[in-house]
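Everything quoted here is computed from the prediction, not taken from an experiment.
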Amino acid sequence: MWTGKHPGKMSKYCVLASVIAGAAQASANAVLEEVVVTATKRGETSLQDAAISISAVTDSVIESSGVRHIEDLQAYVPNLTVGDSADTPGDAVVSIRGIGTQILSIGADPSSSVHTDGVYNSRPGSIFSEFLDVERVEVLRGPQGTLYGRNSVGGTINVIHKRPSFDTEMNALIEAGNLDAYRGVFSANGTLIEDTLAGRFAISRRERDGWITNQVDGEKYGEEAVNAFRGALLWDISDSTTLVVKTDWSAKETDNRPARLIGTGQDPDDGELSARLLSENNALPTPADWFSVNQNTTLGKPFRDQDDFGISAELTMELGDYTLTSLTGYRSHETDSLNDTDLTSLDLVNDYMETEAEQFSEELRLVSNFQGRINFQASLFYMKDETSLDIFSDLNSGNYPLAAQFFLGLPPEDTSEALVPILQENTTTALAVFGEIYIDLTDNWRLTLGGRYSDEEKDFSDATQASIVTDSGTISFFPGDTYVQFPGKGEAGYIPVDRNAVSDSWSEFTPKVVLEYTPSDQTLFYLTYAEGFKSGGFDARVAVPGNNTPAFEPESIDNIELGAKATLWDGRATLNTAIFHMEYTNQQITFVDNESGLPVVTTSNAGESRFQGLEIEGEMMVSDNFKVGLGLAYLDAEYIVFATERDGDLAGLTPRDAPEWSFNTFLDYKVPMSTGGELVFHVDGSWRDDNVQRASVNSDNQHIIDSYSLWNSNVTYTSAGPWSVSLWVNNLTDEEYEISKVDQPFGRHQVYLGMTRTYGATLKFDL
């Protein structure tokens, strides 16, 4: 029987232990708290016994470090990069080991996925939901197809919330900080029916003023207001059957993360023409102050209003030697947003966007009891995702004659206005059968054989139509019999459109093989071969008529990984490492092309890419009161075969969102107080290397985000009674850093800025 615990000696690891042995003399009681994960789908498993590259961020880290949502995790998880979408701020782009995607068409899927309590989040806009009542976050690196219902090629993040229990507890939190920020949280848990029904809920409200100045009107941008609710019920139906129902809702109002316009674009001619346009119309220059932008729109201040709702039901039944689990999930996502696309003081290009999405999924999983030498888990998965996206682009070139030439190819003397609706609908239907078989070859060796068969279909339709109003009348390209109402344009805003409907399907089998070796109860070695698959799709985010919306090809990845996990010093330290090599085929890449006049966003497949590197994570109790941790990642990524019509041969260049080095660390020092309470000093920091933002970066270093470091600090006094108070500072050094860069249809670049320094105080009560 495999237990993962076997006696053994640590002598063979004396070299590794000697590296840290001189740090301090730790007492016999100073041991690390065991971290338990559920990623293996075999119940609760110690992180040190899981033969997979996984990081777990616990609730204590989330609370002490001020982690608010998934973007904050990249400072604590090696080889994780999270940022805003370049062209739809508020939509998340998640890259694990450099595997991510900027394809935010609703006809595409993320390459690295996010789950909420095991339920897949299909929409990038819902990923930045507020962390509320979170127990832990598990980040799995490498292709995932045999553990989760929804597959991914890069890895997956699972945000796990606290389950109800029959213990009574109530907690309250009040927080205030600079930028007139405040946050209030209340949570409660307890018995509703003795030994049968328990309930838990949490509610929060958070606000913050803007921190970036708009040079045009002096207003502050970047403000947020977020309401969130989470509830859960635990029903012990019988000794062998349990039902857990969880629901969440959030409403977020913000004026988006403002962007700055900098540099020259990919096409020198476009850059020269845009410079003339700005100069001849007395546009304000890019502000010298880092935290300043230029924004000017006809329809008012840019904004993004977002609503997310989800509900899941997990039914678990013990059937003798087996456990059957049904996980049913529903999620909805809605956004309305207005963007100043040209990012200048000219009222030139505005985009209004509406998104509506509904998703239903069902996963059935059967797991054996792990009492013999051969065990298994097998799953069936079904998902249907229906999403619509409407984009209304308004080019007010009538007041700027040169813009007609720049964007539309019309004579400069012909004043004009271009109205371009982009209307999309997509339905994704996914079916999968997957599982793993575990064979205990000996007491120390285990073989895992896994596989997944995926079958996916996308039904996509789009309507893209341009109408240009000139001095001589209205020109509509390929008018159809469908008309749409353009926001804010009255009768003149009814535009003919052509709708194009396409569909395609893809299927693939992806295997997984893992060989584990546990020479002692303190060490684990594993060797993994796994393949990943992501279906193809459609990208119709274009501003030209007559687009036939061709499908891009599915992508696949082969991953070989060697990992080791060690518990040292009788539980006072851990050290986990992984070395990996991934061959990536048909990586889906997005480009912005201005050659036709209006911006064209297209997606193509890179022939071959290579991603290889290592990850190191470790923690140590230096003494009863002193704990340190570190994470280090190295990533070597490049295109092997990638010939493009626009940029030529890109072989040898670095893909985006794949920084070569990244590092994170933390220190906790506890001081017991004579009052019976304790004072804890906490510092955490992270550094990441230069980050490429476009494939053909060899021609323009403005497509690189420079390396930067972030440091956070707090001091917390926890009383002997039911309260604690914290003083905290995030971005301690007030680092000026960038989140993402992208080619902008104005012939330049747009840059999204990282958060300025924030500070404040938090008061917590156990009621």
Side-chain angles (χ1 to χ4, degrees), residues 1-17 28 31-56 138 140-142 144-147 318-325 365-379 434-451 511-530 559-580 615-619:
M1 181 180 74
W2 178 277
T3 64
K5 301 293 183 183
H6 304 285
K9 296 182 179 180
M10 295 300 298
S11 58
K12 64 178 67 179
Y13 305 105
C14 60
V15 175
L16 178 61
V31 296
L32 291 170
E33 181 180 354
E34 183 182 38
V35 177
V36 174
V37 297
T38 55
T40 61
K41 304 301 181 182
R42 303 193 297 267
E44 293 186 342
T45 305
S46 170
L47 178 67
Q48 295 304 105
D49 294 335
I52 192 171
S53 180
I54 178 175
S55 296
E138 298 177 0
L140 286 72
R141 292 177 286 264
Q144 304 299 320
T146 60
L147 296 175
E318 302 294 336
L319 306 175
D321 292 335
Y322 307 97
T323 300
L324 178 64
T325 301
R365 181 170 62 250
L366 184 66
V367 183
S368 63
N369 61 9
F370 285 83
Q371 296 302 308
R373 286 193 174 272
I374 299 178
N375 291 277
F376 73 92
Q377 61 171 304
S379 298
F434 58 94
E436 296 182 342
I437 298 174
Y438 312 98
I439 306 172
D440 295 345
L441 303 175
T442 69
D443 287 345
N444 303 96
W445 290 88
R446 166 185 281 182
L447 177 66
T448 299
L449 302 175
K512 176 183 177 181
V513 180
V514 183
L515 184 64
E516 301 175 47
Y517 174 54
T518 54
S520 75
D521 62 347
Q522 304 293 314
T523 54
L524 165 68
F525 298 95
Y526 64 90
L527 177 64
T528 299
Y529 173 79
N559 177 48
I560 299 176
E561 181 174 324
L562 177 63
K565 296 187 176 184
T567 301
L568 310 172
W569 274 9
D570 295 325
R572 298 195 293 271
T574 59
L575 183 63
N576 300 337
T577 62
I579 302 172
F580 60 91
E615 293 129 3
I616 302 174
E617 291 183 282
E619 291 186 0

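- When every heavy atom of Tyr322 is checked against every heavy atom of Ser368, the shortest pair comes out as CD2-CA, 3.8 Å.
- Proximity of a side-chain donor or acceptor of Glu138 to a complementary backbone N or O of Thr38 within less than 3.5 Å is detected.
- Taking OH from Tyr438 and CZ from Arg42, the interatomic distance works out to 4.5 Å, rounded to the nearest 0.5 Å.
- Between Gly145 and Phe434 the shortest heavy-atom distance is O-CB, 3.5 Å.
- Counting only heavy atoms from C-beta outward, the side chains of Lys565 and Ile54 approach each other to under 4.5 Å.
- Within 6.0 Å of CD in Glu33 there are 12 or fewer heavy atoms belonging to other residues, nucleotides or ligands.
- Of all heavy-atom pairs between Leu147 and Ala39, the closest is CD1-O, 3.5 Å.
- Between the side chains of Thr574 and Gln48, no donor N or O sits under 3.5 Å from an acceptor N or O.
- Across all their heavy atoms, Ala56 and Val35 have their closest contact at CB-CG1, 3.7 Å.
- Listed for the Asn444 side chain is a donor-acceptor partner under 3.5 Å among the backbone atoms of Thr518.
- Once rounded to the nearest 0.5 Å, the distance linking CG of Leu47 with CD of Glu34 reads 9.0 Å.
- Between Gly372 and Asp440 the shortest heavy-atom distance is O-OD2, 3.9 Å.
- Annotation: the span from Thr523 atom OG1 to Leu575 atom CG amounts to 12.0 Å, rounded to 0.5 Å.
- To the nearest 0.5 Å, the span separating CD1 on Ile616 from CD1 on Ile579 amounts to 8.5 Å.
- Val31 has its side chain out of reach of Asp570: every pair of non-hydrogen atoms, C-beta onward, lies at least 4.5 Å apart.
- No side-chain heavy atom of Thr323 sits less than 4.5 Å from a side-chain heavy atom of Asn369.
- Put simply, the side chain of Lys41 does not reach to within 4.5 Å of the side chain of Val367, judged on heavy atoms.
- We find the CG-CD1 distance between Leu447 and Ile439 to be 5.0 Å, quoted to the nearest 0.5 Å.
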**Study point:** Working for side-chain contact (heavy atoms from CB on, under 4.5 Å), residues Asp49 and Leu524
**Key:** CA-CA 7 Å; Asp49 294 335; Leu524 165 68; 5.5 Å; no
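- Checked by atom type and distance alone, the side chain of Lys512 never pairs as donor or acceptor with a backbone atom of Glu436 at under 3.5 Å.
- Distance CD1/Ile52 to CD/Gln144: 4.5 Å, rounded to 0.5 Å.
- Thr528 is linked by a side-chain contact (heavy atoms from CB on, under 4.5 Å) to Val514, Tyr526, Ala530, Glu561, counting only residues two or more places apart in sequence or in another chain.
- Among all heavy-atom pairs drawn from Gly142 and Asn559, the shortest one is CA-ND2, 4.5 Å.
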